[in-house]
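To keep things clear, I will list the structure first and then write my remarks on it.
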Amino acid sequence: MPDGNSLYGPLDPAPDAGWTSAGPRMGFFTDTSVCIGCKACEVACKEWNAVPESGFDLLGMSYDNTGALTANSWRHVAFVEQPVPAGHRSAPFAGTPPDGPSGVGPQFLGMPGAQPPGRGTGAAERTDFRWLMMSDVCKHCTHAACLDVCPTGSLFRTEFGTVVVQEDICNGCGYCISACPYGVIDQRKGDGRAWKCTLCYDRLGAGMTPACAQACPTESIQYGPLDELRDRAAQRVTALHDRGVPEARLYGHDPTDGVGGDGAFFLLLDEPEVYGLPPDPVVTTRDLPRMWRRAGLAALVMTAAAVAAFVGGSS
Amino acid sequence: MAEAHPVGFQWVMEAKRRGAKVFHVDPRFTRTSAVADTYLPIRAGTDIALLGGVVRYILDNELDFREYVLAYTNAATIVSEQFADTEDGDGLFSGYDPHTDSYVQTSWQYAGHEQDSGSGHTAKERDGAAGLQHESHGAQVSGQTARDETLQHPRCVYQILRRHFARYTPEMVERVCGIPREKFLELARAWAENSGRERTGALVYSVGWTQHSVGVQYIRTGAIIQLLLGNMGRPGGGILALRGHASIQGSTDIPTLFNLLPGYLPMPHHADHPTFDDWVDSIRHPGQKGFWGNARAYAASLLKAYWGDAATPENDFCYDHLPRMTGDHGTYQQVLNMIDGKIKGYFLLGQNPAVGSAHGRAQRLGMANLDWLVVRDLFMIESATFWKNGPEVATGEIVPQECRTEVFFLPAASHVEKEGTFTQTQRLLQWREKAVEPPGDARSELWFFYHLGRRLREKLAGSAHRRDRALLDLAWDYPTHGPLAEPSAEAVLREINGYDVSTGRPLASFAEAKDDGSTAVGCWIYSGVYADGVNQAARRRSRHEQDWVAAEWGWAWPANRRTLYNRASADPQGRPWSERKKYVWWDPQAGEWTGYDVPDFERTKPPTYRPPQGASGPAALAGDDPFVMQGDGKGWLYAPSGVLDGPLPTHYEPAESPMRNPLYGQQANPTRKVYAHPVNSVNPSPPQEHSAVFPYVFTVSRLTEHHTAGAMSRTVSPLAELQPEMFVEVSPELAAEAGLTHLGWAHLISGRAVIEAKVLVTDRLTPLRVDGRVIHQLWLPYHFGYEGLVTGDSANDLFGITLDPNVLIQESKVGTCDILPGRRPTGPPLRDLVDDYRRRAGIVPGERPPTVTTRVRRPAGRSGDGPREKGADHA
Ligand code: SF4
Ligand code: SF4
């Protein structure tokens with residue numbers, strides 16, 4: 001039976017997966033407070049990894065026409081328009097109408113049609129406004145449920161501590177898709193296999209920076225040893241708090257959270273839900289040990305052997 | 001800037017990280033606004049009112065950097081008593097000639113200089129977009145000027161400036177621009193506080209500022225502020241133009257313009273410059289002050305580079321081979337000439353006017369009336385397929401089977417498939433290597449022109465016609481390499497740099513250029529880029545291995561100088577203004593100028609130097625005259641000549657506006673270039689009737705996801721999918737007023753066209769309260785057209801053709817329109833809808849709107865008493 005921590009709690013995942021000479025765990029710190037929504041990360045990812053197009057659909061979700069992380073979009077920049085104050089900044093629309101009759105037409109009574117996320121509902125709320133942008137990506141969890149449940153060994157833990165699907169092994173069973181607490185990994189239509197961010201495993205192996213981080217003009221996406229990134233992120237939060245941005249907070253940085261901390265974590269300016277992130281993600285295989293204890297001895301032996309094969313079989 | 005220049009914007013974010021405060025002024029809340037500290041929504045086309053308000057704020061509170069202003073600008077200079085300001089003329093300056101809608105600039109001159117300084121009638125200069133010549137130097141001034149160092153004289157520039165902008169109060173800014181006065185004051189205060197001895201501020205603008213009927217004056221207003229605050233010629237200061245795409249700076253330095261030759265030498269005019277001497281003297285103005293005194297050497301060396309051995313002092317270096325201007329040959333005049341059948345053939349290189357230029361329908365109708373059209377591009381663009389896929393095919397205006405234009409599409413190599421230089425906004429030339437071979441038949445521009453020239457010359461070889469001499473006499477002998485015989489780009493760079501004809505030695509600087517035929521220089525301002533036979537533009541020394549000026553990264557013109565006019569970074573005595581802003585200074589021991597950058601001053605001219613009586617050329621500039629390319633060595637707060645629409649910027653409404661000008665009776669720029677052609681029209685603006693037919697203000701610009709007319713982005717799926725459809729952004733209030741629904745269809749109507757778009761209702765747009773009214777603005781991306789993976793109607797189709805008088809740029813950042821829910825009609829009913837709107841608006845195609853709309857008599861002055869000229873043959 002595996003050590004409880006292999007499925008829950010703080011852990012250095014690469015050695016745990018059997019890498020004997022792994023370097024420091026590598027990951028991303030995505031600082032959304034400097035993201036300008038240019039989507040260079042999305043494009044660079046597609047170019048480097050030859051990811052197919054994801055459809056020409058105008059979604060009407062602000063400037064987000066990607067919609068979500070999918071098999072064909074491994075980076076996704078979310079755009080959130082909100083009628084709320086932003087840090088120490090002055091209210092963008094203070095002093096502009098409507099504070100009186102608006103033009104010659106009827107008074108605005110709430111937006112007709114669909115209500116895009118974050119939209120204000122009335123004239124009085126149009127003083128404050130902010131536009132949040134956030135480049136989302138696979139979290140490369142410490143305890144990656146996708147990897148735990150993959151029956152073929154296609155998903156594996158790399159020497160950098162990241163989680164990668166091997167497309168030549170994936171048989172398209174789709175177990176990982178329902179296992180991911182973030183809804184990241186996805187099946188490609190017409191292909192059937194599961195695809196997601198590899199944290200540019202090929203580039204890392206060559207000592208290069210992942211394509212998205214390399215392309216990001218504002219260093220919103222920072223790549224490096226996770227320990228360093230966590231220090232840097234903590235300093236950034238303090239700096240923002242000092243500058244009057246109390247809403248700055250980290251997400252996915254905590255090794256004691258439900259997934260043992262993310263290899264790709266974020267600085268956010270609002271609650272995670274606002275960006276479409278789960279507030280309290282938990283690795284879906286967390287309860288496996290408890291289930292084992294309750295199961296009969298024979299079943300326990302069988303399951304443990306099987307799980308050990310999956311989890312430990314990556315080196 | 002984040003929207004259109006995300007890569008450059010990283011430095012704004014870096015500055016922000018270090019505590020800088022970022023202001024963003026834009027009609028719509030963009031990705032830049034999202035990270036700015038303060039966002040100011042503005043009514044499109046009112047920037048002079050905003051910036052004029054800043055000028056007034058500085059002057060009223062005496063926040064100008066007085067020592068700098070006094071010594072380095074023309075603030076103290078006394079202006080002619082004949083000058084009358086717009087305050088007296090209800091929006092017109094003295095000298096206005098209503099027959100040509102242009103100014104006679106005599107009354108604008110400095111006192112005692114009324115008869116010189118290139119003044120006089122400006123109608124012809126407008127046709128030649130003569131303002132462009134001043135990109136590298138100001139207009140001339142001769143002799144000494146009268147000054148009042150106390151700045152009290154009522155006709156000194158400082159006092160004229162005060163009076164001119166006195167009414168640009170925070171209240172007026174709010175009334176004209178729709179910017180709340182507290183916000184305006186926040187901006188003005190921050191700008192002034194961050195300038196002075198210890199601090200400098202930079203002004204960065206993009207194409208949205210230039211594409212207005214008063215575009216040049218927008219930038220002039222910015223220049224006035226930067227001069228008043230002492231932000232010119234100093235580190236961290238300046239005015240930086242972010243160009244529309246890579247190397248637009250390069251394409252004005254070595255121009256793709258009808259009116260300029262390399263290095264801002266003007267294209268000769270057939271009537272004014274019959275001989276080489278006439279032409280050269282019109283540039284250098286014998287007896288004038290400043291550095292243009294050497295223009296003869298630059299001109300002779302350029303012709304020597306063109307015609308090699310055939311160019312001799314005896315034949316004026318083949319000056320007769322040089323084409324001449326006869327008037328306006330700007331891109332819009334040419335399109336009208338195509339429609340009128342006056343132009344037979346056309347080359348389009350890296351340009352997509354069917355989508356990217358104002359009045360798309362005129363562009364397409366023009367191109368459909370040629371004998372031949374050559375399109376060189378990376379993709380099959382709208383300008384190559386208008387004859388079969390353009391909207392005019394649907395309306396029956398172009399019939400593919402009958403369209404006479406033969407289109408030759410030639411695939412072009414992209415920037416990674418060819419070598420050469422890019423010149424960016426700081427005038428920095430950076431060499432780029434070829435990364436991959438161009439695919440298939442794609443070829444570089446260099447290959448195309450070299451081999452086109454070679455083949456033409458082969459065909460013409462032995463011709464006895466005089467008209468063929470210009471081509472046959474060309475020095476056309478570039479080395480080639482590889483299986484495709486690609487010409488050497490380095491050889492071209494060497495020629496641009498210039499060389500000694502007898503020895504072939506590359507020149508070290510333009511100071512070595514001669515007017516006797518012993519040197520050949522392709523572009524005098526680039527001289528030095530190949531000094532010592534080394535490609536200086538290819539230098540790549542890391543910033544970590546040199547000081548912060550990074551003089552060994554690439555090469556900047558002129559003379560690898562990174563900041564122009566940097567003599568101004570030292571005080572009049574030659575000492576740095578402050579330790580913090582130390583840059584270039586006078587070393588009294590060594591008796592020379594020194595510092596981090598290449599001093600922009602004669603190296604050994606001491607700060608105390610005063611020109612002797614009667615001096616001319618560089619010797620006439622004093623040791624504390626830092627603006628060495630200006631005739632009087634001063635930064636011009638007031639421009640006695642050189643700018644055709646006024647010595648000072650003045651708020652005029654855009655050519656199409658729903659508002660009466662709140663500041664003056666004169667509604668719009670009285671000298672704007674208007675084309676009275678049946679294809680063109682202007683929507684009515686007050687005081688004309690029926691402006692309410694087009695009640696909304698629209699503006700267009702870029703999305704990060706697409707590039708210009710979309711040829712490089714709508715054709716590639718990773719970009720196309722990010723913004724896959726044409727849309728229009730409207731505020732919730734406008735959506736309610738016009739009955740528009742989010743993601744529903746709408747169509748927009750102007751006097752030129754109807755286009756349709758999906759509706760995005762967003763809080764990022766807001767109605768503005770302007771002069772007691774609520775003005776709705778809507779925004780469109782201009783990237784869409786009918787070719788590519790994602791298609792849509794073109795926003796630029798909505799615009800008519802009205803141009804800035806100085807540089808003939810079109811007003812394509814603001815216009816008026818109506819918007820209706822639902823899709824547009826198709827086929828002939830589409831034109832019916834436009835015609836219906838025109839009828840209701842009283843638009844007669846081809847008719848000029850009234851130019852002068854002042855409510856008082858024009859000021860006396862010397863209005864229009866110069867020789868009367870016809871503005872243009874089509875006027
Ligand atoms: S790390 Fe590589 S695979 Fe992952 S999102 Fe970035 S570019 Fe795509
Ligand atoms: S993360 Fe970087 S590259 Fe991605 S949208 Fe934000 S700024 Fe652009």
Side-chain angles (χ1 to χ4, degrees), chain A residues 33-40 42-43 46-47 51-60 62-63 65-66 81 83 86 88-90 92-116 119-120 123 126 129-133 217-219 243, chain B residues 2 6-7 9-10 13-14 16-17 19 29 31-39 41 174 178-183 186 695 703-705 717-725 727 732-744 758 760-764 766-769 774 776 789-790:
Chain A
S33 72
V34 294
C35 176
I36 56 171
C38 68
K39 306 183 190 170
E42 286 194 25
V43 177
K46 286 217 168 182
E47 288 280 329
V51 180
E53 69 181 46
S54 29
F56 300 131
D57 308 309
L58 184 73
L59 301 180
S62 190
Y63 277 1
N65 294 306
T66 304
E81 300 185 13
H88 60 300
R89 293 194 278 138
S90 51
F93 297 113
T96 59
D99 57 357
S102 166
V104 288
Q107 195 63 33
F108 181 58
L109 301 170
M111 213 211 51
Q115 193 83 336
R119 172 169 310 291
R126 297 208 57 219
F129 181 78
R130 67 174 181 174
W131 198 10
L132 303 177
M133 292 145 203
T218 63
E219 291 177 1
R243 278 193 214 153
Chain B
V7 176
F9 197 73
Q10 67 183 297
M13 295 306 289
E14 177 63 29
K16 208 175 125 113
R17 208 173 265 147
F29 191 98
R31 284 176 250 226
T32 312
S33 329
V35 290
D37 294 283
T38 301
Y39 164 69
E174 181 172 298
I179 297 174
R181 65 195 82 169
E182 302 74 37
K183 278 245 179 113
E186 195 186 332
L703 291 163
T704 312
E705 294 87 343
S717 73
L719 294 173
E721 66 187 12
L722 300 176
Q723 291 290 2
E725 249 185 285
F727 60 90
E733 291 80 5
L734 176 57
E737 178 172 310
L740 308 172
T741 52
H742 188 62
L743 284 185
K758 285 281 184 69
L760 284 196
V761 182
T762 171
D763 287 348
R764 291 183 294 100
T766 182
L768 294 173
R769 183 167 306 281
V774 170
H776 290 288
L789 297 171
V790 297

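Chain identifiers are assigned alphabetically (A, B, ...) following the order of the sequence lines, protein sequences preceding nucleic acid strands; residue numbering begins at 1 within each chain.
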### Message
For the interface with chain B, which of Cys38(A), Pro217(A), Gly37(A) has the highest count of heavy-atom pairs at distances below 4.5 Å?
### Response
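Most heavy-atom pairs within the cutoff with chain B belong to Pro217(A).
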
### Query
How far does NZ of Lys46(A) sit from CG of Leu719(B), to the nearest 0.5 angstrom?
10.5 Å

### Message
Just verifying a value: how many Å separate Leu760(B) CG and Glu81(A) CD, rounded to the nearest 0.5 Å?
### Response
8.5 Å

Heavy-atom distances under 4.5 Å only: say whether [X] touches chain A with side chain, backbone, both or neither.
X         : result
Leu743(B) : side chain
Arg17(B)  : both
Ile179(B) : neither
Gln723(B) : both
Thr32(B)  : neither
Pro180(B) : side chain

### Query
Checking side chain to side chain contact (heavy atoms under 4.5 Å, CB included) for the pair Tyr63(A)/Thr704(B): CA distance, chi angles, key distance, verdict?
CA-CA 10 Å; Tyr63(A) 277 1; Thr704(B) 312; over 6 Å; no

### Evaluation steps, side chain to side chain contact (heavy atoms under 4.5 Å, CB included), between Trp131(A) and Arg31(B)
CA-CA 8 Å; Trp131(A) 198 10; Arg31(B) 284 176 250 226; 3.9 Å; yes

### Message
I'd like to check the salt bridge (charged side-chain N to carboxylate O under 4.0 Å, His left out) partners of Lys183(B); sequence neighbours left out, ordered by chain and number.
### Response
none

### Query
With only heavy atoms counted, which part of Thr66(A) is less than 4.5 Å from chain B, the side chain, the backbone, both or neither?
side chain

### Query
With a 4.5 angstrom heavy-atom cut-off, which part of Leu59(A) approaches chain B: side chain, backbone, both or neither?
backbone

